[in-house]
Chemist: 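Take a look at this one; I'll ask things after.
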Amino acid sequence: RDMAAEGINRLGIPGDFWHADSQSSFDYKQDSADMSKEKRVGNEVMTAILEQFDEVVFSWGNHDARYHKMVRYGVSFVDTMKMMFHDVPDSLLAKVRWTNRDHFYLEGAGTPWYVCHPKSYSQVPLTQSRRLAAKMLCKVITAHSHHNAVGHDVSGRFTCAAVGGFFDKDRTEYLQRSTQFPTCQNGYAI
């Protein structure tokens with residue numbers, strides 16, 4: 001899509017840009033656990049994103065945090081992510097607004113959107129989004145759940161969304177096992 005032609009010039013990445021299989025405590029011997037390939041492709045993808053958008057907001061995700069753990073928390077999460085994007089030109093990387101937190105707000109007309117990567121997880125779609133909307137008293141978009149769904153909080157006042165992600169379930173080792181995790185659903189929000 002040509003986002004600029006549609007007037008879309010900002011992108012929010014609510015965590016898990018990286019998969020970090022090589023640092024997984026669950027599946028450390030996967031075929032997909034090739035850190036150098038992930039870094040190369042990740043830098044190419046981020047470069048392409050930054051060539052398309054004027055601003056990118058990048059927040060914490062549990063998979064990204066695997067690399068932060070790898071450096072034994074010797075630097076901040078933000079600095080760890082900047083190190084991961086070592087091949088992205090500084091002029092482009094300057095477009096990223098980083099946060100050590102697992103959330104950010106999207107301001108617009110009316111009630112803001114709380115965009116987050118919650119630590120908690122539910123197999124039931126929209127559970128986390130609905131609970132957070134009731135707590136934060138605003139509209140909510142969640143990542144992390146592997147669901148793609150839209151609805152409302154229990155009051156019916158706030159829109160809630162779970163945006164899934166971009167997954168290749170055939171290359172995600174733990175999804176190849178007998179698991180109760182739901183099938184990953186690809187998705188995003190505009």
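All residue numbers refer to positions in the sequence shown, counting from 1.
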Chemist: Closest heavy-atom contact between L126 and C160?
Modeler: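 Answer, listing the atom of L126 first, then C160: CD2-O, 3.9 Å.
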Chemist: Go through H86 and K39 one step at a time and tell me if the side-chain contact (heavy atoms from CB on, under 4.5 Å) criterion holds.
Modeler: CA-CA 9 Å; H86 58 83; K39 284 175 60 178; 3.4 Å; yes
Chemist: Could you point out which residue of D102, V115, V57 forms a side chain to side chain contact (heavy atoms under 4.5 Å, CB included) with P14?
Modeler: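 In the set D102, V115, V57, the residue that makes a side chain to side chain contact (heavy atoms under 4.5 Å, CB included) with P14 is V115.
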Chemist: Indicate yes or no: at least one non-hydrogen side-chain atom of V75 is less than 4.5 angstrom from one of M83.
Modeler: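 A side-chain contact exists here, since the closest heavy-atom pair is under 4.5 Å.
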Chemist: Is there a donor in the side chain of S122 and an acceptor in the side chain of Q128, or the other way round, less than 3.5 Å apart?
Modeler: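 No.
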Chemist: If you measure from CG on L11 to CG on D54, what distance do you get to the nearest 0.5 Å?
Modeler: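 One finds 11.5 Å between CG of L11 and CG of D54.
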Chemist: How far apart are the C-alpha atoms of K69 and R66, what are their side-chain angles, what is the distance that settles it, and do they pass the side-chain contact (heavy atoms from CB on, under 4.5 Å) test?
Modeler: CA-CA 5 Å; K69 182 179 179 182; R66 291 173 176 174; 5.6 Å; no
Chemist: So Q185 and H146, do their side chains get closer than 4.5 Å, heavy atoms only?
Modeler: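 The answer is no, as the side chains (C-beta and beyond) never meet within the 4.5 Å cut-off.
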Chemist: Between the side chains of R10 and E55, is the shortest nitrogen-to-carboxylate-oxygen separation below 4.0 Å, so that they form an ion pair?
Modeler: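 Salt bridge present between E55 and R10.
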Chemist: May I have the step-by-step check of side-chain contact (heavy atoms from CB on, under 4.5 Å) for H117 and N62, ending in yes or no?
Modeler: CA-CA 8 Å; H117 192 99; N62 61 303; 2.7 Å; yes
Chemist: Measuring only between side-chain heavy atoms, which start at C-beta, is T99 closer than 4.5 Å to V78?
Modeler: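 No, their side chains stay 4.5 Å or more apart.
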Chemist: Heavy atoms only: give me the nearest D64-S59 pair and the separation to one decimal.
Modeler: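 Of all heavy-atom pairs spanning D64 and S59, the closest is OD2-O, 4.0 Å.
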Chemist: Using a distance-only test with no angle check, is there a side-chain donor-acceptor pair under 3.5 angstrom linking S129 and T142?
Modeler: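 Side chains of S129 and T142: pair found under 3.5 Å.
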Chemist: Under 4.5 Å between side-chain heavy atoms, counting indirect links through other Ile/Leu/Val/Met/Phe/Trp/Tyr residues: same cluster for W113 and L137 or not?
Modeler: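 As far as the 4.5 Å side-chain criterion goes, L137 and W113 are not connected within one cluster.
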Chemist: Could you tell me whether W18 and F85 have their ring centroids closer than 6.0 angstrom?
Modeler: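 Yes, the ring centres sit under 6.0 Å apart.
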Chemist: Roughly how far, to the nearest 0.5 Å, is the CG atom of N9 from the CZ atom of F53?
Modeler: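 Output value for this atom pair is 8.5 Å.
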Chemist: Measuring from atom CE of M70 to atom CZ of R72, what distance do you get when rounded to the nearest 0.5 angstrom?
Modeler: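 Those atoms lie 10.5 Å apart.
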Chemist: Less than 4.5 Å apart, side chain to side chain, heavy atoms only: is that true for R97 and V56?
Modeler: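 R97 does not reach V56 side chain to side chain.
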Chemist: Do you know which two heavy atoms are closest between V163 and A189, and how far apart they sit?
Modeler: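 In this case the closest contact between V163 and A189 is CG1-CB, 3.6 Å.
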Chemist: Between atom CG of L93 and atom CE of M81, what is the distance when rounded to the nearest 0.5 Å?
Modeler: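 Reported to 0.5 Å precision, the distance equals 11.5 Å.
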Chemist: Test of understanding: with ring-ring contact (aromatic ring centres under 6.0 Å, His included), list the residues that count as partners of H147, not counting sequence neighbours.
Modeler: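 H147: no ring-ring contact (aromatic ring centres under 6.0 Å, His included) contacts found.
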Chemist: Can you tell me how far the OG1 atom of T47 sits from the CG atom of D87, to the nearest 0.5 Å?
Modeler: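 Atom-to-atom, T47:OG1 and D87:CG are 7.5 Å apart.
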Chemist: Measure up the F58 and F17 rings against each other and bin them: parallel (under 30°), tilted (30 to 60°), perpendicular (over 60°).
Modeler: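 Answer is tilted, since the angle falls between 30° and 60°.
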Chemist: Mark yes or no for whether H63, through its side chain, and D16, through its backbone, hold a donor-acceptor pair below 3.5 Å.
Modeler: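 No; zero donor-acceptor contacts below 3.5 Å.
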Chemist: When you compare the side chain of Y121 with that of H144, does any pair of heavy atoms fall below 4.5 Å?
Modeler: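 They are in side-chain contact.
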Chemist: So, the side chain of K139 versus the backbone of T111: is there a donor-acceptor pair under 3.5 Å, distance only?
Modeler: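 Confirmed, K139 side chain pairs with T111 backbone.
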Chemist: Is there a side-chain contact between H68 and Y73 in this structure, where contact means two heavy atoms from C-beta onward sitting under 4.5 Å apart?
Modeler: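 When only atoms from C-beta onward are counted, Y73 and H68 do touch, with a gap below 4.5 Å.
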Chemist: State, to 0.1 Å, how close V150 and T159 come at their nearest heavy-atom pair, and which atoms those are.
Modeler: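 In this case the closest contact between V150 and T159 is CG1-CG2, 4.2 Å.
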Chemist: Is the shortest heavy-atom distance from the side chain of Y188 to the side chain of F166 under 4.5 Å?
Modeler: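 Yes, side chains in contact.
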Chemist: Can you name the nearest heavy-atom pair linking N148 to N186, along with the distance?
Modeler: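 Distance-wise, the nearest heavy atoms are ND2-O, 2.9 Å.
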Chemist: Less than 4.5 Å apart, side chain to side chain, heavy atoms only: is that true for V88 and L50?
Modeler: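 Side chain of V88 against side chain of L50, heavy atoms only: contact under 4.5 Å found.
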Chemist: If you measure from CD on Q23 to CD on E38, what distance do you get to the nearest 0.5 Å?
Modeler: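 It is 9.5 Å, given to the nearest 0.5 Å.
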Chemist: Test side-chain contact (heavy atoms from CB on, under 4.5 Å) on M84 and M46 and set out the steps.
Modeler: CA-CA 11 Å; M84 292 297 294; M46 183 56 82; over 6 Å; no
Chemist: On a heavy-atom basis, which atom in C116 and which in L132 lie closest, and how many Å separate them?
Modeler: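 The pair with the smallest heavy-atom distance is SG-CD1, 3.6 Å.
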Chemist: Just jot down the ring-ring contact (aromatic ring centres under 6.0 Å, His included) partners of Y114, sequence neighbours excluded, or say none.
Modeler: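 Result, ring-ring contact (aromatic ring centres under 6.0 Å, His included) vs Y114: H103, Y105.
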Chemist: Taking F158's backbone N and O only, do any of them form a donor-acceptor pair with D153's side chain (distance below 3.5 Å, no angle check)?
Modeler: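 It does hold such a pair.
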Chemist: Can you hop from V96 to F104 via hydrophobic side chains spaced under 4.5 Å?
Modeler: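 Per the 4.5 Å side-chain linkage, V96 and F104 are not co-clustered.
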